[in-house]
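Residues: numbered from 1 along the sequence shown.
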Amino acid sequence: MELTVIDLSPYLEIAGKSAGDSIDPQYRGLCSEVSRSLRETGALLVKDPRCSAEDNDRFIDMMERYFERPGEFKRLQERRHLHYQVGVTPEGVEVPRSLVDKEMQEKLKAIPKEFQPSTPKGPDPKWRYMWRVGPRPSKTRFQELNSEPVIPEGFPEWQDTMDSWGCKMISAIEAVAEMAAIGFGLPKDSFTSLMKQGPHLLAPTGSDLQRYGQVGTVFAGYHYDLNFLTIHGRSRFPGLNIWLRNGQKVEVKVPVGCLLIQTGKQVEWLTAGDCIAGMHEVVVTGRTVDAIKLATEQNRSLWRVSSTLFAHIASDAVLKPLGHFAGSPLAARYPPMCAGEFVEQELAVINLKGNKTEP
């Protein structure tokens, strides 16, 4: 099946003109389509006129040059004592949740064989770079989740490129969050008001296909994202699989000029499980190998870069079912919790929390 593609242009045109939650009925249908897709598939493809294919290419070009640098250079940007929430996370650090979560392992046994995820052999063999996007609170209980950015030497365009692409993708997320809120029967700003000064992270991954380009190699083991919504630009190499709410496994194909949005655990919390965190993995497939051959012929980089951004609820905000979702029979599964505490708990499970006493 093909994922729903939503053009944000009509909503963006009327969103600036409409007061409060008043919105033309014809656009309510578009908002309902957004919430339906997020609920049923955990994913959505969007076209945002503010985020061009050229913007995505500029970003990926720079990240390819960075990831091609030697490992010892990249490790200079490692900040283990800050939970790897800024700077670089080397390959072999991120542990797929499916390897450590017993409850998830039990659920995996119930998945039909044709929809089973690939089995990782250990930690993910991918690098990741964390760059904070947007303003942070001056006072917060979660300072390490709101740390200063790390800029590698030799990349004078780094800050401008990261900030520009990151802010554009946050703008797209905010529009989708407003539309989803309307579609879920909530006030338009229900989600976006909680996102203000959140620890949003532009977090591109780099996977070395020259070294790990064999079919079946798992770059990101079966997992969900712990944040609110995740957004990606189109990668130059395919390999992302997602699982729909009905358990079906789908290989994602992102059209040129589109952005992919996926649901994270925080949106599940806020909707009392009406919209669940989407499961996904990144694996080398036959289509990846075809793209590797073409890139080799064209003398292009063999690093698979994902232009991923994690949009978060603000660290000091409280996660709890919103509006009518508070009356859901499942609401008790989602007790009120500070978003920052929730993030720290999740990071500890997937091995990113590190030891605060280490240098």
[X] side-chain N/O to [Y] backbone N/O, donor-acceptor pair under 3.5 Å:
{"X": "S307", "Y": "G233", "value": "yes"}
{"X": "D55", "Y": "S52", "value": "yes"}
{"X": "T4", "Y": "S37", "value": "no"}

Residues two or more places apart in sequence or in another chain: which of them pass side chain to side chain donor-acceptor pair (under 3.5 Å) with [X]?
{"X": "E174", "answer": "none"}
{"X": "W243", "answer": "none"}
{"X": "S207", "answer": "none"}
{"X": "Q105", "answer": "none"}

Which pairs with one or both residues in residues 174-194 pass ring-ring contact (aromatic ring centres under 6.0 Å, His included), sequence neighbours excluded?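 Listed by first then second residue: F184-F325, F191-F228.
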
How would you list all residue pairs meeting ring-ring contact (aromatic ring centres under 6.0 Å, His included) that involve residues 271-296, not counting sequence neighbours?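 The answer is H223-H280.
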
Between Y11 and E178, do the side chains contain an N or O donor and an N or O acceptor separated by less than 3.5 Å? yes

Assess, by modelled atom type and distance only, whether the side chains of T308 and H232 contain a donor and an acceptor separated by less than 3.5 Å. yes

Contacts of type ring-ring contact (aromatic ring centres under 6.0 Å, His included), residue F310, not counting sequence neighbours: none

Taking ring-ring contact (aromatic ring centres under 6.0 Å, His included) as the definition, give me every residue that meets it alongside Y224, ordered by chain and number, with sequence neighbours left out.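 Y224 satisfies ring-ring contact (aromatic ring centres under 6.0 Å, His included) with no other residue.
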
Could you tell me which residues satisfy salt bridge (Lys or Arg N to Asp or Glu O under 4.0 Å) with [X], sequence neighbours excluded, listed by chain and number?
{"X": "E64", "value": "R236"}
{"X": "R304", "value": "none"}
{"X": "D208", "value": "none"}

Flag the pair Y66 / Y129 as yes when their ring centroid distance falls below 6.0 Å, and as no otherwise. yes

In this structure, is the centre-to-centre distance between the rings of F67 and W303 below 6.0 Å? yes

Tracing side-chain links under 4.5 Å among I, L, V, M, F, W and Y, which residues wind up in one group with L294? none

K74 to W127, cation-pi by 6.0 Å centre distance and 45° axis angle: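 Judged by the rule, K74 and W127 form a cation-pi pair.
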
